[in-house]
Amino acid sequence: MPWKGIKDPYRIWLSEVILQQTRVEQGLKYYENFIHNFPTVRDLAAADEKKVFKLWEGLGYYSRCKNLIHTARKISTELNSRFPDSYAAILQLKGIGPYTAAAIASFAFNLPHAVIDGNVFRVLARVFGIREAIDTTAGKKIITALAEQLLDKKEPGTYNQAIMDFGATVCRPANPDCADCPFQNHCVAFREDIVALLPVKTKKIAVRTRYFYFFLPIYRATVPVRERLSKDIWQHLYEFPLIEKAAETPAAEIIRAAVRKGWLRQDTLTEISPVYTQKLSHQLIRSVFIACRPAAKPAGFENYRWEKITALKTLPFPRTITQHLDNF
DNA sequence: AAGACGGGGGC
DNA sequence: GCCCCAGTCTT
């Protein structure tokens, strides 16, 4: 990993934020791309917000991107581009929680703070045979206490890196490599043959299905777009005029609704795309794209701006939209 | 304490 | 189809 051994807190911060709830293989390209475009926190702070979101496009959890920009600007303007060098000060920054603060503090400043991430939860739950669910307050307290007690205070960065590497490569979520594990003789879960049962998690999320019908009226090689600003998924990404339904709805009915909005004339020829499904952790999005080529500019798009189709590639869109644009 | 928030990959 | 991922923020 390109950030390994790096001491630059900016690079550590950037890599850790990118890797929040994200696999290394997925985040790697984004990290390299960001460093290439923004070598320093000053460059990131000075960047156009749309450009930053475009680089983040497809990575998900877009509030990370918003907070990244916010914190870069704060460091650049209020802290003279110097990254805070205490755990408490780092933790104050937007988008940085206990995990990322401990990672930056230990990797960049050799401060004795234990990282507690998914790997650490899993490794400690197994080695110490913690049967308490780790997604409860009680379970988290047990793991946190263990992690802080086990931390090598002399080399916290090395220790933190090691336990996470160990969790990622040996003590994996599925099919852990217990046969070659150096902790085999010390692992409660291995001894009691409950490795596959740990860690215990209780909560499960309900997935709701949403039905999106996007309109792509193409007029003089432009289409209406707008930034998603409501408190919903894909905040700060762009979208086309959208009609959302609570259930699957025939295209004819959607088009009638669009006609009532002034989005198109009833006699306009339309092209209906197949259904694109996008599975989020908590929602299932089923999207249909309805394209048409109106003879005159439709009126009912007050909240949208007409963007050249060739310029769409500079705007950040949700995955499901970029997938359709790729086929379009 | 519980939800909201993306997207991809393994099995 | 379900689970997990180098989590954080809001309610």
Side-chain angles (χ1 to χ4, degrees), chain A residues 1 3-4 11-31 53 56-68 70-71 90-107 113-123 125 133-141 144 147 157 159-169 171-176 196-208 210 228 230-237 276-285 316-323:
Chain A
M1 297 179 241
W3 50 81
K4 222 166 201 173
R11 295 191 179 217
I12 294 168
W13 167 54
L14 178 62
S15 68
E16 293 299 344
V17 172
I18 286 175
L19 291 178
Q20 286 166 8
Q21 294 292 286
T22 305
R23 292 168 192 283
V24 171
E25 312 85 70
Q26 188 192 1
L28 191 52
K29 299 182 299 294
Y30 288 85
Y31 173 78
F53 268 92
W56 198 273
E57 178 186 85
L59 196 53
Y61 286 153
Y62 296 93
S63 65
R64 289 185 293 174
C65 185
K66 185 75 177 169
N67 289 332
L68 198 71
H70 176 94
T71 292
I90 296 168
L91 188 58
Q92 291 300 310
L93 300 172
K94 267 196 182 169
I96 297 184
Y99 164 77
T100 304
I104 296 170
S106 64
F107 296 150
H113 295 273
V115 293
I116 300 169
D117 71 334
N119 289 306
V120 174
F121 274 112
R122 186 172 58 255
V123 169
I134 61 161
D135 55 358
T136 63
T137 305
K140 283 180 185 138
K141 271 179 76 174
T144 301
Y159 171 88
N160 280 336
Q161 190 63 63
I163 190 168
M164 288 195 289
D165 281 351
F166 176 71
T169 59
C171 198
R172 298 178 295 247
N175 305 320
L197 302 180
L198 297 182
V200 175
K201 291 188 185 177
T202 56
K203 303 187 175 79
K204 40 203 157 286
I205 39 156
V207 175
R208 72 169 163 136
R210 300 171 72 177
R228 287 176 64 88
S230 58
K231 225 168 67 178
D232 195 359
I233 57 171
W234 302 330
Q235 209 176 84
H236 302 297
L237 301 193
Y276 291 75
T277 64
Q278 170 75 51
K279 207 172 160 329
L280 313 184
S281 52
H282 50 299
Q283 296 182 17
L284 179 63
I285 311 294
F317 287 101
R319 229 352 164 217
T320 199
I321 290 183
T322 59
Q323 278 167 359

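Computed from a predicted model, the values in this text were never measured in an experiment. So you know, we letter chains A, B, ... as the sequences are listed, proteins then strands, and number each from 1.
- Residues meeting the side chain to side chain donor-acceptor pair (under 3.5 Å) test with A:Arg319, sequence neighbours left out: none.
- No contact: A:Val115 has no heavy atom under 4.0 Å from any strand.
- Under the rule for a side chain to side chain donor-acceptor pair (under 3.5 Å), A:Asn67 has no partner lying at least two apart in sequence or in another chain.
- In the 5' to 3' direction, nucleotides of DNA chain C lying under 4.0 Å from heavy atoms of chain A begin and end at C:dC4 to C:dT11.
- Mapping A:Lys201 and A:Lys231 onto DNA chain C by nearest heavy atom places A:Lys201 at the nucleotide closer to the 5' end.
- Pairing analysis of DNA chain B (Watson-Crick: purine N1 to pyrimidine N3 plus N6-O4 or O6-N4; G-U wobble: N1-O2 and O6-N3; both under 3.5 Å) yields stems of 3 or more pairs at B:1-5 with C:7-11, B:7-11 with C:1-5.
- For A:Glu57, the side-chain contact (heavy atoms from CB on, under 4.5 Å) partners are A:Lys54, A:Pro316, A:Phe317, A:Thr322, not counting sequence neighbours.
- The ring pair (Phe, Tyr, Trp, His ring centres under 6.0 Å) search around A:Tyr31 returns A:Trp3, not counting sequence neighbours.
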In residues 93-100 of chain A, what donor-acceptor pairs under 3.5 Å come from side-chain atoms, sequence neighbours left out?
residue  : atom : partner : partner atom : Å
A:Tyr99  : OH   : A:Glu16 : OE1          : 2.6
A:Thr100 : OG1  : A:Gln20 : NE2          : 2.9

Give every pair of a protein N or O atom and an N or O atom of nucleotides 6-10 of chain B that lie under 3.5 Å apart, one pair per line with the distance.
residue : atom : partner  : partner atom : Å
B:dG6   : OP1  : A:Tyr62  : N            : 3.0
B:dG6   : OP2  : A:Trp234 : N            : 2.6
B:dG6   : O4'  : A:Tyr61  : N            : 2.9
B:dG6   : N7   : A:Tyr61  : OH           : 3.4
B:dG6   : N7   : A:Ser281 : OG           : 3.3
B:dG6   : O6   : A:Tyr61  : OH           : 2.9
B:dG6   : N1   : A:Gln21  : O            : 3.1
B:dG6   : N2   : A:Gln21  : O            : 3.2
B:dG6   : N2   : A:Thr22  : OG1          : 3.2
B:dG6   : N2   : A:Leu59  : O            : 3.4
B:dG7   : OP1  : A:Tyr62  : OH           : 2.7
B:dG7   : OP1  : A:Arg319 : N            : 3.3
B:dG7   : OP2  : A:Trp234 : NE1          : 2.9
B:dG8   : OP1  : A:Arg319 : NE           : 2.7
B:dG8   : OP1  : A:Arg319 : NH2          : 3.4
B:dG8   : N2   : A:Arg23  : NE           : 3.3
B:dG8   : N2   : A:Arg23  : NH2          : 3.1

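- Nucleic acid contact for A:Ser15: none, since no nucleic acid atom lies under 4.0 Å from a heavy atom of the residue.
- For C:dC3 and B:dG6, the C1' atoms lie 15 Å apart once the distance is rounded to whole Å.
- Listed by chain and residue number, A:Arg210, A:Arg228 satisfy the side chain to side chain donor-acceptor pair (under 3.5 Å) test with A:Asp232 (two or more places apart in sequence, or in another chain).
- The two residues A:Tyr61 and A:Trp56 come nearest to each other via the heavy atoms O-NE1, 3.9 Å.
- Contacts of A:Thr169 classified as side-chain contact (heavy atoms from CB on, under 4.5 Å), with partners at least two apart in sequence or in another chain: none.
- Distance noted for atom P between C:dT8 and B:dG9: 23 Å (whole Å).
- The ring pair (Phe, Tyr, Trp, His ring centres under 6.0 Å) search around A:Phe166 returns A:Phe183, not counting sequence neighbours.
- In this structure, the side chain to side chain donor-acceptor pair (under 3.5 Å) partners of A:Thr22, at least two apart in sequence or on a different chain, are A:Arg64.
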